[in-house]
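Naming convention: chains lettered A, B, ... in sequence-line order (proteins, then strands); numbering from 1 in each chain.
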Protein chains: 2
Amino acid sequence: MSALLNVPLTATPLLPAQRRQRIVDFLHRHGAVTLQQLASALHVSLSTLRRDLDGLSDEGLVDRTHGGALLRHQQYSTFEPEFSAALELSPHEKSLIGMAAANSLMPGQCVIFDSGSTVQEAARAVAARNIEILAVTNDIQIAQILGLSPAVRVHVFGGQLRAGSNTLVGDEVLASARSIRADVLLFGAHAVTEGVVSETSSDVAAVKRALMQSATSRRLLIDSSKFRPRVFMSVCEVTELEEIITDDGAPQDEIERIRGAGVKLTIARRAS
Amino acid sequence: MSALLNVPLTATPLLPAQRRQRIVDFLHRHGAVTLQQLASALHVSLSTLRRDLDGLSDEGLVDRTHGGALLRHQQYSTFEPEFSAALELSPHEKSLIGMAAANSLMPGQCVIFDSGSTVQEAARAVAARNIEILAVTNDIQIAQILGLSPAVRVHVFGGQLRAGSNTLVGDEVLASARSIRADVLLFGAHAVTEGVVSETSSDVAAVKRALMQSATSRRLLIDSSKFRPRVFMSVCEVTELEEIITDDGAPQDEIERIRGAGVKLTIARRAS
DNA sequence: GCATTTTTGTGAAAGTTATTGACAGTTAAT
DNA sequence: ATTAACTGTCAATAACTTTCACAAAAATGC
């Protein structure tokens, strides 16, 4: 299905720079676009879009192909484009994973929601189904989502807000995490590589490790694009987890490694 | 003939600096503006607006593009996909109060932002102007807004999320509040009546009282509709405050009572 | 005090450049 | 062989730059 750029039929004229920005943004989420998709979403002529793509190609941001363009992502590992990319990398897969995670929760449980876009989808699913739980989180966006449901009691860790994100980090979070006991931890990560879970920043990794100590059952939520080269800070080994929930794009060797380690692996699929 | 009272009612005489401020505010909310939007909302010539944008671009605040400008440090606005440029560029009472409160802050201060819609406007103004402060808040929505500004360090109190709101309450907030020391507290209230500030719920009132104890300067932000019959829980007397910021609809008797009590009263107005 | 220069902000006009959509001819893909 | 996509050109429109004139406020001179 053709995922659309979120352009309502607004009379607001779009700045050329904004249009290019949206194209790049779309590419960050989907990796590729066709000129047809762009034309139907942005309502400008093909000539203009061709010029846009050519320009972006000259800047080295995208690779031009017949009929469209591909994202040129060369510098991945240590620099994290969390601003643009993370919010919606591949929304459909993420929400499937989130639903699967929500399904595995039981009423009355105490659940920690770590920061991250996939966990956010789990929070959405929990709120939508009014599952009665006590939720604890260090992500203020997730707190807001969970707060929409009358069935969920939400507790927020105090702490420092990480620049450019919705995550709380710092000593205060670590201390609070140590003082609680939860049934389940739902968390995400930046990369999973050969059985090692890693993150880009040390303070985020520290928080994740602290949260792991506080929960009986640890469940990792990652879309399959996260099976990629490992980044700076290692968080844990997959053997320390109870379950990993991902989508059906996960590479076979990682799947076997996880199953071989005796960790439950759930593939979230579309209901049919 | 003197131009003393020669101001037409239709046009708003706006100081150049104020006009630019509004442009920046708008950009912080939406990330982009067209010159056309600005012209139709601010009623000055395109030449002037071009000069404004060029100036802001020289200051490094915005990026100039054909037909408009983009915010330089491009940050996602998480809310309000639907907007009317004209409405937002001529702000209402609450945002005027918020701007006045933001103006009174000095770089380097530690400022507590209590929960509430008027305080939220102050947070917006602080974020838009990139005032360098350390912010502490018990409202997760305000935390998100402040987090958009790279100049603001945001600290969030831990606590229980109050059902149906963005406010954190509970013992944990009270304890955290007692352990900090801030220069300024910006807070709102449900009602101000005959010199008494009141709230509808006891846990919210308890938090406000605790925050008052932690701040050297206590400033109450209330639009004039809050001068109304008092509600259940009393929070404090106006005599305990340093300043009250409101709009020009405040009743005369309350104004006199406040001034008589030696409390600074600021009326936020459109232009001067 | 008053008249003046300077400064600053503003709007309008003329000429220049950018962006856009359409069209015709050419090249690539299956 | 037959689409679909690309290249290049062109005219129309929108935006830009530069320049000038005007007004109000601030600084200056007498």
Asks: Distance check needed: D:dC6 P versus A:L38 CG, whole Å only.
Replies: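 Taking CG of A:L38 and P of D:dC6, I get 11 Å after rounding.
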Asks: Is A:T48 near enough to C:dG21 that one of its side-chain N or O atoms lies under 4.0 angstrom from OP1 or OP2?
Replies: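 Checking A:T48 against C:dG21: at least one side-chain N or O falls below 4.0 Å of OP1 or OP2.
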Asks: Starting from C1' on C:dG21, measure out to CG on A:L35 and report it in whole angstrom.
Replies: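 Rounded to the whole Å, the gap is 15 Å.
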Asks: Given atom CG of B:D54 and atom C1' of D:dT18, what is their separation to the nearest angstrom?
Replies: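 Distance check: B:D54 CG to D:dT18 C1' gives 13 Å.
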Asks: Take the protein atom CG of A:L49 and the nucleotide atom P of D:dA5, then report the distance between them rounded to whole Å.
Replies: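 Rounded to the whole Å, the gap is 12 Å.
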Asks: Would a distance-only check, ignoring hydrogens and angles, find a side-chain to backbone donor-acceptor pair under 3.5 Å from B:R19 to B:I23?
Replies: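 A pair under 3.5 Å: no.
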Asks: Is any side-chain nitrogen or oxygen of B:R64 closer than 4.0 Å to OP1 or OP2 of D:dC16?
Replies: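 For B:R64, the contact criterion (side-chain N or O under 4.0 Å from OP1 or OP2 of D:dC16) is met.
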Asks: Within this structure, what is the CG-to-P distance between B:L46 and C:dA14, rounded to whole angstrom?
Replies: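 Checked: the CG to P distance equals 17 Å.
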Asks: B:R50 side chain N/O closer than 4.0 Å to the phosphate oxygens (OP1, OP2) of D:dA14?
Replies: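 No, B:R50 has no side-chain N/O under 4.0 Å of OP1/OP2 on D:dA14.
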Asks: Taking only side-chain N and O atoms of B:S47, does any of them lie within less than 4.0 angstrom of OP1 or OP2 on C:dA12?
Replies: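 Checking C:dA12 against B:S47, no side-chain N or O comes under 4.0 Å of OP1 or OP2.
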Asks: Would you say the side-chain atoms of B:D183 pair up with the backbone N or O of B:C110, donor to acceptor, closer than 3.5 Å?
Replies: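 Flag set: sc B:D183 to bb B:C110 pair under 3.5 Å.
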Asks: So if I apply the side-chain contact (heavy atoms from CB on, under 4.5 Å) rule between B:I258 and each of B:T246, B:L220, B:V263, B:T239, which one comes out positive?
Replies: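 One option only clears the test, and that one is B:V263.
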Asks: On the nucleotide D:dA5, are OP1 or OP2 found under 4.0 Å from the side-chain N or O atoms that A:Q36 carries?
Replies: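 Indeed, a polar side-chain atom of A:Q36 lies that close.
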Asks: Compute the bend angle of the helix from C:dG1-D:dC30 to C:dT30-D:dA1 from the end axes (five pairs per end), rounded to 10°.
Replies: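 Roughly 30° between the end axes, to the nearest 10°.
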Asks: Taking OP1 and OP2 of D:dT18, is either one under 4.0 Å from a side-chain nitrogen or oxygen of B:R51?
Replies: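 Looking at the OP1 and OP2 atoms of D:dT18, neither is under 4.0 Å from any side-chain N or O of B:R51.
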